[in-house]
Q: 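Here it is, the structure, as structure tokens.
Keep in mind it's a predicted model, so treat the numbers as computed, not measured.
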Amino acid sequence: MIVASLDRRKGGRAMHRRAAVVFVLAALVLLMPSCRKLSALAPTTGESLVALPLASTNSIPPEWGTLVSVTSASAYPPLVQLWLQDRDGTLRMLVLDLSTARFVNAKLIPRR
């Protein structure tokens, strides 16, 4: 009797596993038509990121605005990007090298 109940539990697990696999496959089949290739980006008329000269490698000019975000890339662990936005909505990105505590470059992203 105990062996029979164990067999039923195993059969129940297999049935649930089969149902889960069928559900996942059905979801994939139903979602495939919604996938489509992204259209190519339209070529820009000029560079969208403008390199900014750094007057100082250890301070941020106040007219560059307030800090809105800090990001990093796992490929470059010692570097972080500081994102600033001024009153006009213009974004600036400063790259900070954490190993030297200095800004290494800056980019302007103009508002259009």
Side-chain angles (χ1 to χ4, degrees):
M1 185 154 188
I2 294 174
V3 175
S5 66
L6 288 176
D7 287 341
R8 275 190 237 137
R9 278 193 222 144
K10 286 182 184 177
R13 283 188 203 144
M15 186 173 71
H16 288 295
R17 193 174 317 150
R18 241 181 269 135
V21 169
V22 168
F23 177 76
V24 168
L25 289 175
L28 287 173
V29 168
L30 292 173
L31 292 174
M32 286 300 272
S34 66
C35 296
R36 61 182 173 95
K37 186 175 179 179
L38 296 174
S39 60
L41 295 174
T44 57
T45 58
E47 193 172 324
S48 58
L49 295 177
V50 179
L52 293 173
L54 291 172
S56 171
T57 60
N58 61 0
S59 66
I60 302 169
E63 62 271 9
W64 283 15
T66 57
L67 182 68
V68 292
S69 183
V70 177
T71 58
S72 65
S74 61
Y76 306 102
L79 302 178
V80 294
Q81 299 82 33
L82 306 176
W83 297 85
L84 302 137
Q85 186 173 24
D86 65 13
R87 293 180 198 190
D88 298 334
T90 299
L91 289 174
R92 288 175 179 84
M93 179 197 61
L94 283 161
V95 177
L96 175 64
D97 185 343
L98 296 174
S99 63
T100 62
R102 300 277 182 200
F103 295 112
V104 292
N105 74 29
K107 300 283 184 181
L108 172 77
I109 305 167
R111 187 168 180 97
R112 296 182 197 248

Q: Show me the donor-acceptor pairs, under 3.5 Å and distance only, between side chains in residues 49-57 and residues at least two apart or in other chains.
A:
{"unit_1": "Ser56", "atom_1": "OG", "unit_2": "Asn58", "atom_2": "N", "d": "3.2"}
{"unit_1": "Ser56", "atom_1": "OG", "unit_2": "Asn58", "atom_2": "OD1", "d": "2.6"}
{"unit_1": "Ser56", "atom_1": "OG", "unit_2": "Ser59", "atom_2": "OG", "d": "3.2"}

Q: Let me confirm one number: the CD-CG distance from Glu63 to Leu84, rounded to the nearest 0.5 Å.
A: 11.0 Å
Q: How long is the gap from CD1 on Ile109 to OG1 on Thr90, to the nearest 0.5 Å?
A: 10.0 Å
Q: Which value, rounded to the nearest 0.5 Å, describes the distance between Ile60 atom CD1 and Phe103 atom CZ?
A: 4.0 Å
Q: Indicate the atoms forming the closest heavy-atom contact of Leu79 with Ser72, along with that distance.
A: O-CB, 4.0 Å
Q: Quick one: closest heavy-atom pair of Leu96 and Ala101, and the distance?
A: CD1-C, 3.9 Å
Q: Can you pull out every salt bridge (Lys or Arg N to Asp or Glu O under 4.0 Å) where at least one residue sits in residues 82-101? Sequence neighbours excluded, please.
A: Asp86-Arg92
Q: What pairs with Thr71 under side chain to side chain contact (heavy atoms under 4.5 Å, CB included), at least two apart in sequence or on another chain?
A: Ser69, Gln81, Trp83
Q: Calculate, to the nearest 0.5 Å, the distance between atoms CG and CZ belonging to Leu25 and Phe23 respectively.
A: 11.0 Å
Q: For the residue pair Val95 and Tyr76, establish whether any side-chain heavy-atom pair is separated by less than 4.5 Å.
A: no
